[in-house]
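As structure tokens, the structure follows; a few thoughts come after it.
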Protein chains: 2
Amino acid sequence: MPEPRQRADAVRNRETVLDAAEELFTRAGPAGVSMNAVATAAGVGKGTVFRAFTDRTGLLQALAERRSAPLRRAVAEGAAPLGPGTPPRERVPAVLDALLTAKLDNQALYLALEEAGAASPYQSPSYAWWHGVLRDSLAELTDADRAGFLAHVLLAAVRADLVAHLAGAGRVPVAALRRRLAEYTESVLP
Amino acid sequence: MPEPRQRADAVRNRETVLDAAEELFTRAGPAGVSMNAVATAAGVGKGTVFRAFTDRTGLLQALAERRSAPLRRAVAEGAAPLGPGTPPRERVPAVLDALLTAKLDNQALYLALEEAGAASPYQSPSYAWWHGVLRDSLAELTDADRAGFLAHVLLAAVRADLVAHLAGAGRVPVAALRRRLAEYTESVLP
DNA sequence: TTGCAATACGGACCGACGGTCCGTATCTTC
DNA sequence: GAAGATACGGACCGTCGGTCCGTATTGCAA
């Protein structure tokens, strides 16, 4: 598989589009980010955007990928409390807290990503990855089936729209939210 | 507020549309239910649909309202284990199980409802109602803030797309799913 | 350096969707 | 049965995600 090597302008444009989209997401809400708007903001034709990312979902995923890369690396190969060596009772709460924080920091992006056209978030490879991390960790504490279910339920507790609702309606301050989540997570561990 | 009395054809049409939409949802997926399709299936003009329900979200809510009316009544004023007299440790799991079952039985409808255009499900009056029920019940076991948070998290565990993912990917049989949810719910109660 | 594939570019174009508008038909009231 | 109020239908609109193709750029080889 020789990986047919990309043309220089293509990779340059890909980056430009990603930057423009990121900027757009923070400036306008997720609603204001149409593919056309992204293309225009990037100073590029619409076709270019679609060639680089296939479709809207692809763009969103690429964006989230880039944004969460450090966190994912920390979880995949970092030190405690996020890294793989950490005992589950410490790691699971740490991962959830990190996810909560990430979604708070990038609300618009994650909101857009979780609707993702018509496909549920549960199709995305990214979801599968996080679910796998939690499931495997939890499997040290209980049987596999229960671990899988628990992982789903825990991730549901940090879904972008719920987080946005809790934090955004101004009801719960961030610190309190994190505390609640932590105590909840703890209470769920087998 | 004299409630200006509806014309006969209007109420008749409203019912017709509701029926047609319900039928459409079960026949085609949620994707296949455009407002145009609903109008056509009801043998009615598009304008009529919009006049009766304001917008797509309105139609979906009306539909869900009608479908879940018996359950809501059972919770609001019925007997144990769903009714308001029931002690929380019995009522909360019962309500969640009932919600799980409802979503399993009407996947397409609830899926469509939870995306609901662009507004998160957390805006809908129906969500607020269910959240209130759980919150109030849980408030007998713990303080108000914690009860509110717990209610959100419990509802997140029975979100339509998660339920559809678990049951629909064929992974978890319904009986097992209900059992898992029950044991999870129990473990979360303070 | 130049010639020539191969590739990417841009933006006009498409079909579908949610939602609006208004001339016409139907209902209700007196 | 006449007149005023209300609802009807469907043509119409703006926008969106996505496609297509003639044109411009790039990279390799001579």
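By convention in this document, chain letters (A, B, ...) are assigned in the order of the sequence lines, proteins followed by strands, and residues within each chain are numbered from 1. Remember, it's a predicted structure, so these values are computed and weren't measured experimentally. Heavy-atom basis, side chains included; hydrogens, waters and symmetry copies ignored.
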Separation of D:dG18 atom P from A:Phe53 atom CZ, nearest Å, is 14 Å
Okay, side chain of B:Ser68, backbone of B:Leu71: is any donor-acceptor separation there less than 3.5 Å?
-> no
Count the heavy atoms of every other residue, nucleotide or ligand shown that sit under 6.0 Å from CZ of B:Arg178, and state whether that count exceeds 12.
-> no
Judged by nearest nucleotide, the residue sitting upstream toward the 5' end of DNA chain D, A:Gly47 or A:Asn36, is A:Asn36
Roughly how many Å is it from NZ in A:Lys46 to P in D:dC16, rounded to a whole number?
-> 9 Å
Length of the CZ-C1' vector between A:Arg51 and D:dG22, whole Å | 13 Å
Specify the separation, in whole Å, of atom CG of A:Leu59 and atom P of D:dC16.
-> 15 Å
Which class fits the ring pair B:His165 and A:His152: parallel under 30°, tilted 30 to 60°, perpendicular over 60°?
-> perpendicular
Do any N or O atoms of the protein come closer than 3.5 Å to N or O atoms of nucleotides 27-30 of chain D, and which pairs are they?
residue, atom, partner, partner atom, Å
D:dG27, OP1, A:Ala8, N, 3.0

Take atom CZ of B:Arg56 and atom P of C:dC17, then tell me their distance rounded to the nearest Å.
-> 10 Å
Whole-Å distance, B:Phe50 CZ to D:dA11 P, equals 16 Å
Closest to the B:Ser34 side chain, choosing from C:dC17, C:dG19, D:dG9 | C:dC17
Give the rounded distance in Å between these two atoms: CG of B:Asp55 and P of C:dC17.
-> 17 Å
Between C1' of D:dG10 and CG of B:Asn13, the distance in whole Å = 15 Å
A:Thr26 side chain vs A:Glu23 backbone, donor-acceptor pair below 3.5 Å | yes
Which atom names give the shortest non-hydrogen contact between A:Glu90 and A:Pro93, and what distance separates them?
-> O-CD, 3.5 Å
Can you name the nearest heavy-atom pair linking B:Leu177 to B:Val172, along with the distance?
-> N-CG1, 3.6 Å
Where is the tightest heavy-atom contact between A:Leu113 and A:Ala64, given as atom of each residue plus distance?
-> CD2-CB, 3.5 Å
Distance test, side-chain N/O of A:Thr48 to OP1/OP2 of C:dG10, below 4.0 Å | yes
C:dG10, D:dT26, C:dG19: which one has an atom nearest the side-chain heavy atoms of A:Arg12?
-> D:dT26
